[in-house]
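Scroll down for the structure; my scribbles are underneath it.
In this chain, residues are counted from 1 in sequence order. Keep in mind that the numbers below use all heavy atoms, side chains included, and drop hydrogens, waters and symmetry copies.
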Amino acid sequence: MAAVEGTAGWLADSAGLLADALDVLSDAMAYALAIAATGRTATFKRGAARLSGSVLLLLGLGVLIEAGRRAVYGSEPVSAIMLAIVTLALVVNVTVLRLLGPFRTGEAQLRATWIFTHADVVANLGC
């Protein structure tokens, strides 16, 4: 989904789709870290959480820089592409949220994956 949104964001000149593609990529990393941290020590889990947070911070800064560039140089996003991709993203995120339902009350890193995906669904609905 990150590749689909990234490509569509590039073609549609949409900073929003590019940002969501990066968010999907960071979510995938968070899922992988959550799986890797399951049953591991608290120290490992803290390190995984720090890594996940650091990556999100860097991606967020990149999005802010891109938004600033577009504010200076301008851009004209293609709304039809954006709407189609956001609808697809909503379907994917709702599906993943349902799959993560059993982990909603598990270990902290597993709950975090549910929270991330829930936030993505809310963001998709806001588009």
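Within the model, atoms CG of D23 and CG of L56 stand 7.0 Å from one another, a figure rounded to the nearest 0.5 Å. To the nearest 0.5 Å, atom NE2 of residue H118 and atom CD1 of residue I115 are 9.5 Å apart. Distance check: Y31 OH to T117 OG1 gives 2.0 Å after rounding to the nearest 0.5 Å. Rounding to the nearest 0.5 Å gives a distance of 4.5 Å between CZ of R70 and CG of D13. In this structure, OG1 on T113 lies 8.0 Å from CZ on F116, to the nearest 0.5 angstrom.
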Pair L88-E5, side-chain contact (heavy atoms from CB on, under 4.5 Å): steps then yes or no: CA-CA 9 Å; L88 175 62; E5 281 190 299; over 6 Å; no
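The two residues L18 and W10 make their nearest non-hydrogen contact at CD2-N, 3.8 Å. The two residues A21 and A2 make their nearest non-hydrogen contact at CB-O, 3.4 Å. When all heavy atoms of A8 and I85 are compared, the pair lying nearest together is CB-CG1, 3.4 Å.
A chain of hydrophobic side-chain contacts below 4.5 Å, direct or via other Ile, Leu, Val, Met, Phe, Trp or Tyr residues, connects F103 to V121. V78 and V4 fall within a single hydrophobic cluster, where Ile, Leu, Val, Met, Phe, Trp and Tyr are joined by side-chain heavy atoms under 4.5 Å apart, directly or via other members.
Under the 4.5 Å side-chain criterion, counting only non-hydrogen atoms from C-beta, V86 is in contact with L17.
Across N93, V94, D120, L90, a single residue satisfies side chain to side chain contact (heavy atoms under 4.5 Å, CB included) together with L125, and that is L90.
Other members of the hydrophobic cluster containing V63, listed by chain and number, are L22, M29, L33, L51, V55, L59; membership follows side-chain contacts under 4.5 Å among ILVMFWY residues, whether direct or relayed.
Residue R104 qualifies as open at atom CZ: its count of foreign heavy atoms under 6.0 Å is 12 or below.
A side-chain donor from one of R46 and T43 sits under 3.5 Å from a side-chain acceptor of the other.
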